[in-house]
Amino acid sequence: MTVPHKPVQRWLGLTALVLGLLIIGLDATILTVALPTLAGELEASTTELQWFTDGYTLPFAALLLPLGVLGDRLGRRLVLSGGLLVFAAGSVIALLVDTSGGLVVSRVVMGAGAAAVAPLALAIVPLLFPDPERSRAVAMATAGFALGLPLGPLVGGWLLNSFWWGSIFLINIPVIVLALAGIWLYVPETRDPNAKRLDLVGSALALAGISALVYGVIEAPNRGWSDPTVLIAMLGGAALVAGLLVWLSRASNPLVDLSLFRNARFAWATATVSVVMFILLGVLFVVPQYMQLVQGHDAMATGIRLLPLIGALLVATVAGEKLVALFGTKVVVATGMILWVVGLLHLARLTESSGYDVTAISLAVIGAALGMTLPTTLDAVLGSLPPDRMGAGSALANTCRQIGAAVGIAVVGSMLNTVYRDRLSEDAPAQLTGEALQAALDNVAGAQAVASGLPAAQAQGVLDAARSAFVSGMSATALLCAGVAVVTAVVVVALLPARDVATPRSRPDGTQEARV
């Protein structure tokens with residue numbers, strides 16, 4: 001790849017890549033404020049609401065590895081552009097559907113497109129810039145994806161208040177058009193001249209194993225953990241993933257080289273960013289529903305109330321880059337994980353009647369935690385990869401990250417669902433029986449629908465019971481995530497190297513330099 005000679009071309013190319021990363025980050029969370037609306041208009045259960053989100057993150061995770069390798073082989077710009085077009089096609093499908101199943105299908109198509117965008121955009125950025133500008137460009141690219149995550153609920157809330165629910169996907173089209181134009185005008189094509197052929201066996205094992213595991217976790221609360229379908233999915237998925245690891249360790253042409261994990265900085269930064277995504281997507285699945293279904297805010301008001309998270313994220317991202325230069329990655333990421341613990345424990349204290357000031361504090365601390373951890377760990381991952389392995393290594397790290405996101409939604413959503421159903425079953429008012437009880441057990445939106453047909457006094461009893469049950473579930477999920485953050489903080493302190501080891505890097509003129 002030839003680095004563009006004019007700085008303006010490099011930065012315009014980066015802008016186009018950031019737009020692509022921003023929109024796939026945005027769509028990972030833009031549905032969170034729409035979940036109560038979708039629960040009512042599409043009569044969707046909590047499990048279906050989880051699939052609206054995991055329908056996106058699951059193919060995103062499962063296809064990252066093969067598409068990253070395919071980009072190295074065929075051309076990163078070419079495959080990246082194809083991914084954006086597939087993403088646009090999924091967005092168009094979402095505009096046309098009016099059933100839960102149709103929306104899940106559209107999200108699967110969008111996730112498949114996103115799987116080509118994330119690893120290849122992040123792989124191109126370090127190759128697009130000479131070393132003096134590289135770290136800042138990588139930080140901007142990773143911040144673009146990170147910013148898209150909390151922006152999703154804000155943008156989604158505005159669109160829901162102004163238009164119909166399908167409009168949350170319409171915004172994707174003009175952004176993708178701008179990204180494609182910039183990529184083809186300002187981003188040179190790049191490929192690995194020694195790229196290996198695609199590992200079809202490994203790709204099939206990855207897709208089947210990851211999908212089966214997440215499916216089992218999502219379906220368990222409704223079907224029961226001992227249900228044959230759940231057991232087959234989880235045990236079969238675990239067996240397939242184990243088979244994938246065996247295959248990758250023995251195949252002559254594996255889907256990904258597991259020796260990348262011998263680099264401690266790559267391995268533990270990848271593990272940390274996966275945990276961050278687990279926690280973040282879990283929080284963004286639960287908190288907007290709390291604001292809407294429990295506290296009664298509309299979609300726009302909910303999005304606005306997430307601004308403390310976004311503001312703290314922006315400040316912490318800028319501060320984090322400077323702090324890494326002074327103290328190293330270990331200190332910054334460990335501090336960020338401690339902030340996750342503080343924010344989550346504060347979140348676990350919320351009640352049905354908590355004031356917004358209490359929620360805002362939790363969100364601000366969580367935003368600061370995100371800004372200290374996500375861009376920093378992504379930069380550490382990319383910085384530990386040599387140029388000729390950038391596509392495959394970025395795809396591997398992104399796969400782990402998206403698996404963390406998919407599992408986070410599955411586990412947090414399943415725990416929320418389980419605790420909600422248990423509490424509501426125990427505390428259900430006398431008028432909640434039979435079909436009415438089953439409808440209320442689906443989610444708070446179902447309880448609201450039941451309450452709408454009851455006298456005022458009885459309706460309030462149903463709503464109070466459902467909201468209390470939801471808050472109990474949210475507190476349980478926050479404590480679970482806080483425990484995961486504590487363990488991760490310990491691992492970071494013990495095992496994550498503070499800085500890059502010296503690694504050969506190619507200058508634009510083809511000579512080698514040491515990255516420190």
Side-chain angles (χ1 to χ4, degrees), residues 54-76 78-80 82-83 86 108-109 111-123 190-217 232-263 266-271 273-274 277 381-382 384-407 410:
D54 265 338
Y56 179 78
T57 57
L58 188 53
F60 196 163
L63 292 172
L64 273 164
L65 286 175
L67 290 177
V69 174
L70 197 65
D72 285 347
R73 184 177 179 83
L74 300 181
R76 296 182 180 111
L78 176 64
V79 177
L80 167 62
V86 171
V108 168
V109 174
V117 177
L120 297 175
L122 290 173
T190 174
R191 60 177 57 86
D192 182 357
N194 301 312
K196 300 176 182 179
R197 58 184 176 84
L198 183 60
D199 176 11
L200 296 178
V201 174
S203 300
L205 287 171
L207 178 60
I210 295 168
S211 300
L213 270 174
V214 175
Y215 176 84
V217 173
I232 290 171
M234 296 187 70
L235 294 176
L240 288 168
V241 170
L244 172 64
L245 295 177
V246 172
W247 171 263
L248 293 177
S249 65
R250 297 182 178 180
S252 58
N253 182 42
L255 177 64
V256 67
D257 187 356
L258 293 179
S259 66
L260 287 168
F261 285 112
R262 294 174 186 166
N263 181 323
F266 176 88
W268 295 111
T270 298
V273 76
S274 302
M277 291 297 291
V381 167
L382 293 173
S384 66
L385 293 169
D388 62 339
R389 304 176 79 182
M390 193 67 70
S394 175
L396 177 58
N398 276 284
T399 297
C400 295
R401 185 183 73 194
Q402 291 306 318
I403 290 173
V407 172

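For the single chain, residues carry numbers from 1 onward in sequence order.
Of all heavy-atom pairs between L67 and V79, the closest is O-CG1, 4.0 Å. Of all heavy-atom pairs between A251 and P254, the closest is O-CD, 3.5 Å. Between L213 and M234, the shortest heavy-atom contact is CD2-O, 3.4 Å. The nearest pair of heavy atoms linking F266 to L260 is CD2-O, 3.4 Å. Scanning both residues, G209 and L240, for their nearest heavy atoms gives CA-CB, 3.6 Å.
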Under 3.5 Å, which donor-acceptor pairs link side chains of residues 115-122 to any protein atom two or more places apart or in another chain?
none

Pairs under 3.5 angstrom only: tabulate donor-acceptor contacts from the side chains of residues 241-249 to other protein residues two or more places apart or in another chain.
residue	atom	partner	partner atom	Å
W247	NE1	D199	OD1	3.1
W247	NE1	D199	OD2	2.8
S249	OG	L245	O	3.3
S249	OG	V246	O	2.7

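Atom CD1 of residue I210 and atom CG of residue L205 lie 10.5 Å apart, to the nearest 0.5 angstrom. To the nearest 0.5 Å, atom OG of residue S384 and atom CH2 of residue W268 are 14.0 Å apart.
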